[in-house]
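We use all heavy atoms of the structure for the numbers below, so side chains are in, but hydrogens, waters and symmetry mates are not. All residue numbers refer to positions in the sequence shown, counting from 1.
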Amino acid sequence: MWATPRPCTLSSGIAPRRAAHCQFTGRATSSDGRVMPYHDSRENVPHMCHEFEPLKFENKVFSVSEMSSTDISAASVVLTRAFAASPQYIPIQECKEYCRSMLDRMPEGAMLVGKMHPVVADEDPSPSWLPEGQESRIVATASISFCSKSRENFLSLKPPDDDAYLCNIAVDTSFRRMGLAKHMLQCVEHFSQSQGYHTIYLHVRLGDEAAMSLYEQAGYKQVAADSWLVKLQNRTPNALYCKKI
């Protein structure tokens with residue numbers, strides 16, 4: 001699911017392609033190479049920093065927050081594992097570069113991480129899924145783009161530049177079928193609304209029934225689709241989905 005940068009194995013779409021990584025070169029620069037400040041023309045829009053409702057289970061809690069620099073390594077592992085068996089597989093080092101680029105792009109884009117926290121009595125041992133010495137484990141990620149600079153240059157099915165775009169959602173294979181992808185999607189929508197956006201787009205691989213079901217049940221509508229002839233160009237046919245939020 002990152003096609004664009006779209007990762008997920010439950011896909012939002014696709015995975016961060018290698019070509020996509022090359023597009024994340026940082027903020028705009030002037031002709032003499034100086035970094036230009038990012039200007040957001042929307043008024044009274046809070047920038048980043050958002051709180052999300054946690055998802056509670058019997059013995060653990062799933063919380064979502066904006067990615068920090070200390071989350072990059074763990075988030076990269078989730079992305080790499082999520083696409084391990086996919087044509088969009090990305091090596092761990094490229095995933096780290098992708099995560100860093102998304103962190104650098106705020107507020108042009110953002111990356112959310114989902115962390116699982118154990119809820120156990122003091123005398124209980126730490127659960128086997130929790131890394132030693134850690135209080136939580138990153139098990140899901142989601143990348144959002146708010147302008148064309150933080151997404152790939154699409155050859156087809158280009159979403160509007162000024163609308164929010166879900167680049168990808170990834171869920172650790174050991175934590176699937178728990179509603180985490182659905183919860184991450186809801187957080188993406190709430191976060192986009194908090195930034196002043198009311199429409200969100202995403203791509204889904206044609207034939208990916210699980211991903212299509214996830215988004216359609218969440219209210220997304222297919223607005224366009226590639227012809228299967230794009231396979232002749234060595235590209236994966238996708239569908240473009242949209243939702244008013």
Side-chain angles (χ1 to χ4, degrees), residues 1-3 5-16 50-92 94-96 98-99 102-103 110-121 124-144 166-191 202-205 208-218 220:
M1 300 179 95
W2 7 7
R6 319 169 212 155
C8 171
T9 53
L10 212 166
S11 346
S12 124
I14 305 159
H50 189 78
E51 294 185 359
F52 305 97
E53 282 292 323
L55 186 62
K56 298 180 180 180
F57 298 91
E58 181 179 357
N59 58 355
K60 49 187 172 287
V61 175
F62 180 68
S63 68
V64 179
S65 61
E66 296 164 52
M67 184 180 68
S68 68
S69 57
T70 57
D71 296 328
I72 289 177
S73 292
S76 301
V77 171
V78 173
L79 285 172
T80 298
R81 290 178 176 174
F83 293 96
S86 165
Q88 286 78 33
Y89 167 73
I90 301 294
I92 185 68
E94 291 188 35
C95 281
K96 288 182 179 180
Y98 172 78
C99 291
M102 291 304 294
L103 192 62
M111 194 161 181
L112 306 181
V113 293
K115 299 180 180 181
M116 195 66 79
H117 307 257
V119 178
V120 295
D124 290 342
S126 297
S128 59
W129 52 263
L130 187 67
E132 185 176 357
Q134 300 295 313
E135 297 181 352
S136 63
R137 172 179 169 180
I138 293 179
V139 298
T141 66
S143 303
I144 322 161
L166 174 57
C167 301
N168 53 68
I169 291 178
V171 177
D172 189 295
T173 55
S174 300
F175 291 84
R176 292 185 186 159
R177 300 186 182 282
M178 297 174 62
L180 304 191
K182 179 180 178 181
H183 189 70
M184 291 296 290
L185 181 59
Q186 293 171 343
C187 291
V188 164
E189 294 174 355
H190 294 161
F191 185 80
L202 58 86
H203 288 93
V204 180
R205 293 191 302 276
D208 189 340
E209 299 299 334
M212 288 182 171
S213 176
L214 170 69
Y215 297 114
E216 289 172 1
Q217 289 181 22
Y220 288 80

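Separating the CG atom in Leu103 from the CE atom in Met111 is a distance of 9.5 Å, to the nearest 0.5 Å. Atom OG of Ser65 is separated from atom CZ of Phe52 by 8.0 Å, given to the nearest 0.5 angstrom. Atom NZ in Lys60 sits 14.0 Å away from atom OG in Ser136 (nearest 0.5 Å).
When every heavy atom of Pro118 is checked against every heavy atom of Glu135, the shortest pair comes out as CD-O, 3.3 Å. In this structure, Thr80 and Ile92 approach most closely via the heavy-atom pair OG1-CA, 3.4 Å. The shortest non-hydrogen separation linking Ala110 to Phe191 is CB-CE2, 3.6 Å. Closest of all the heavy-atom pairs between Gly179 and Leu55 is O-CD2, 4.1 Å. Nearest heavy atom pair, residue Ile144 against residue Met102, reads O-CE, 3.5 Å. Taking every heavy atom of both residues into account, Cys99 and Leu79 meet most closely at SG-CD1, 3.7 Å.
Put simply, the side chain of Val64 reaches to within 4.5 Å of the side chain of His183, judged on heavy atoms. Within the 4.5 Å cutoff, the side chain of Tyr220 has no heavy atoms near those of the Met212 side chain. A 4.5 Å side-chain heavy-atom check between Val139 and Phe62 finds at least one atom pair inside the cut-off. Between Met67 and Thr141 there is no side-chain heavy-atom pair separated by less than 4.5 Å.
Ser76 and Tyr98 form no side-chain donor-acceptor contact under 3.5 Å, judged by distance and modelled atom types alone. For the residue pair Ser213 / Glu209, no side-chain donor-acceptor distance below 3.5 Å is found, with atom types taken as modelled.
No side-chain donor-acceptor contact under 3.5 Å links Arg137 to the backbone of Lys115. Side chain of Asp208 to main chain of Arg205: no donor-acceptor pair is present (N/O by atom type, distance under 3.5 Å, no hydrogens or angles).
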Show your working on side-chain contact (heavy atoms from CB on, under 4.5 Å) between Leu185 and Leu166 and close with a plain yes or no. CA-CA 9 Å; Leu185 181 59; Leu166 174 57; 3.8 Å; yes
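Counting non-hydrogen atoms of other residues, nucleotides and ligands closer than 6.0 Å to CD of Glu53 gives a total of 12 or fewer.
When the options Met178, Arg177, Arg176 are evaluated for a side-chain contact (heavy atoms from CB on, under 4.5 Å) with Leu180, the one that passes is Met178.
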